[in-house]
Asks: 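Dropping the structure in here first, questions after.
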Amino acid sequence: MFDNASRRSFLAAPLALQVISTPSQAAPAIKTKVLGKTGLKVTTVGFGTMITSDASVIERAADMGVTYFDTARGYQSGNCERMVGAALKSRRKQLVLSTKSNKEDKEAALQELETSLKELQTDYVDIWYIHAKSKAEQITEGRLEAQRIAKQKGMIRFSGVSTHAGFEEVIPAAIKSGAIDVILSSYNFTMGATIDPLLADAKKAGLGIVAMKVMAGGFRRVKPGDPNYAKFKQEGVFPAMLRWSMRNPNIDTTIPSITDHDQLDENFACMDKGFSPGDATLLAVQRDFITPLYCRACGKCSGVCPKGLPIPDMMRYVMYAEGYGQFGMAREQFQMLPAEVREVSCKDCSTCAVRCPNHVNVMARMSRAQELLA
Ligand code: SF4
Ligand code: SF4
């Protein structure tokens, strides 16, 4: 299944790696796959930079041998691309780098790509994604034309589309377009039956497949600082989630969010170990834990709140804060909501008018968002 497996010595890694790892540990094997018909060779664990604020983690990942890094023009108000560009500039040619644009207008998208290239300090990106689409009609001719022009000009090598929700429409539409080279889709242990046949179709059509949101919201039963945290980490529920995604032969690579060196080590080691029955047990427990918390961004509650609350957006903000530990980002985005929305309190409703098909406790989560972020 894998076309490469090699071992690297920790002695060759930077000092930080040696401090975190014991010298007697063998380095985990690095595994790579080819990203569909693009021919790009990528490590099966890549690096999602959306919430990374420490450039040294990105640099060290590249030193360790991770070859795929993903960002977007919109991440961290544009600062993410700048950080990624500075961190990876010296080894750009050895890496696969992707970014994304949300612009619908062809000229605006191309202009945004120019900004991305400048911030990333590179002449081209390997994959340029149409960002976060949930409906087939959002893969517009204008967006595809921008990708075609960018390819002709050598600004991008391959085109892609990313989808958080609505993959049922977006993946078939991407295949049908004949113009998309790579699909970047949410894919985690809470999904499976519906999406797996679509991923198989995409693979058969020669598309590369990248999995994101592999940590299903990142919710931890025990937080850092809790006396039981070390024990919880040993259980390895997060590596189990990553391995669940990697076990699907149609997934070429994964881009877990990585914010610190511990997470980098934990994820990196997943290239070396397959999904086990023990992992399945951990995930069953985690599934019970996250069910009332984890919004799958299906959008089915959009426009349902009689008081006009944008539930999917607020769910995302509270997940940034509590799942990924990114309180600053969560509050910044919450504070951009209109004042009349920020002033609503779900505690004033005796019952919530919204029923989530994925069993999220909407009233409790919205109240938590207001408590933390208002
Ligand atoms: S709260 Fe439920 S219905 Fe609303 S977007 Fe999330 S998963 Fe979908
Ligand atoms: S409790 Fe439900 S119905 Fe009431 S404001 Fe909150 S989201 Fe809307």
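Being a predicted model, the structure only gives us computed values, none of them experimental. Remember, it's 1-based here, ligands and their atoms both numbered in the order they're listed.
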Asks: Is the NZ or CZ atom of Arg92 both under 6.0 Å from the centre of the six-membered ring of Phe69 and within 45° of that ring's axis?
Replies: no
Asks: Run the side-chain contact (heavy atoms from CB on, under 4.5 Å) test on Met155 and Glu114 for me, step by step, so that the C-alpha distance in whole Å, both residues' side-chain angles and the decisive distance to 0.1 Å come before the verdict.
Replies: CA-CA 8 Å; Met155 299 165 82; Glu114 274 181 28; 3.6 Å; yes
Asks: Who's the nearest protein heavy-atom neighbour of atom 5 (S) of ligand 1, and how far?
Replies: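 Checked against all protein heavy atoms, atom 5 (S) of ligand 1 sits closest to Gly299 N, 3.3 Å.
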Asks: Is any side-chain heavy atom of Met314 closer than 4.5 Å to one of Gln370?
Replies: yes
Asks: What residue and heavy atom of the protein are closest to atom 4 (Fe) of ligand 1, and at what distance?
Replies: Cys301 SG, 2.3 Å
Asks: For atom 6 (Fe) of ligand 1, what's the nearest protein heavy-atom neighbour? Residue, atom name and distance, please.
Replies: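 Minimum-distance protein heavy atom for atom 6 (Fe) of ligand 1 reads Cys295 SG, 2.4 Å.
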Asks: For the pair Tyr187 and Trp244, name the ring-plane relationship: parallel under 30°, tilted 30 to 60°, perpendicular over 60°.
Replies: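 Geometry flag for Trp244 against Tyr187: tilted rings.
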Asks: Everything protein-side that's N, O or S and under 2.8 Å from atom 8 (Fe) of ligand 2: list it, residue and atom.
Replies: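 Cys305 SG, with waters left out.
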Asks: So if you build clusters from Ile, Leu, Val, Met, Phe, Trp, Tyr with side-chain heavy-atom gaps below 4.5 Å, do Leu242 and Leu283 land together?
Replies: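 Yes, one cluster joins them.
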Asks: Give the atom numbers and elements of ligand 1 that come within less than 4.0 Å of a heavy atom of Pro357.
Replies: 3 (S)
Asks: Looking only at atom types and distance, does a side-chain atom of Asp252 sit under 3.5 Å from a main-chain N or O of Val210, one as donor and one as acceptor?
Replies: no
Asks: Looking only at protein heavy atoms, identify the closest one to atom 8 (Fe) of ligand 1 and say how far it is in Å.
Replies: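 Nearest protein contact, heavy atoms only, for atom 8 (Fe) of ligand 1 is Cys298 SG, 2.3 Å.
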Asks: Can you pull out the closest protein heavy atom to atom 2 (Fe) of ligand 1? Residue, atom name and distance to 0.1 Å, please.
Replies: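 Ranked first by proximity to atom 2 (Fe) of ligand 1 is Cys356 SG, 2.3 Å.
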Asks: Identify, with sequence neighbours excluded, every residue that meets salt bridge (Lys or Arg N to Asp or Glu O under 4.0 Å) alongside Arg365.
Replies: Glu322
Asks: If I compare all heavy atoms of Tyr320 with all of Ala330, which pair ends up nearest, and what's the gap?
Replies: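 Closest approach of Tyr320 to Ala330, heavy atoms only: CB-CB, 3.9 Å.
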Asks: Can Thr52 and Phe47 be said to form a side-chain contact (heavy atoms from CB on, under 4.5 Å), step by step?
Replies: CA-CA 10 Å; Thr52 312; Phe47 195 128; 3.4 Å; yes
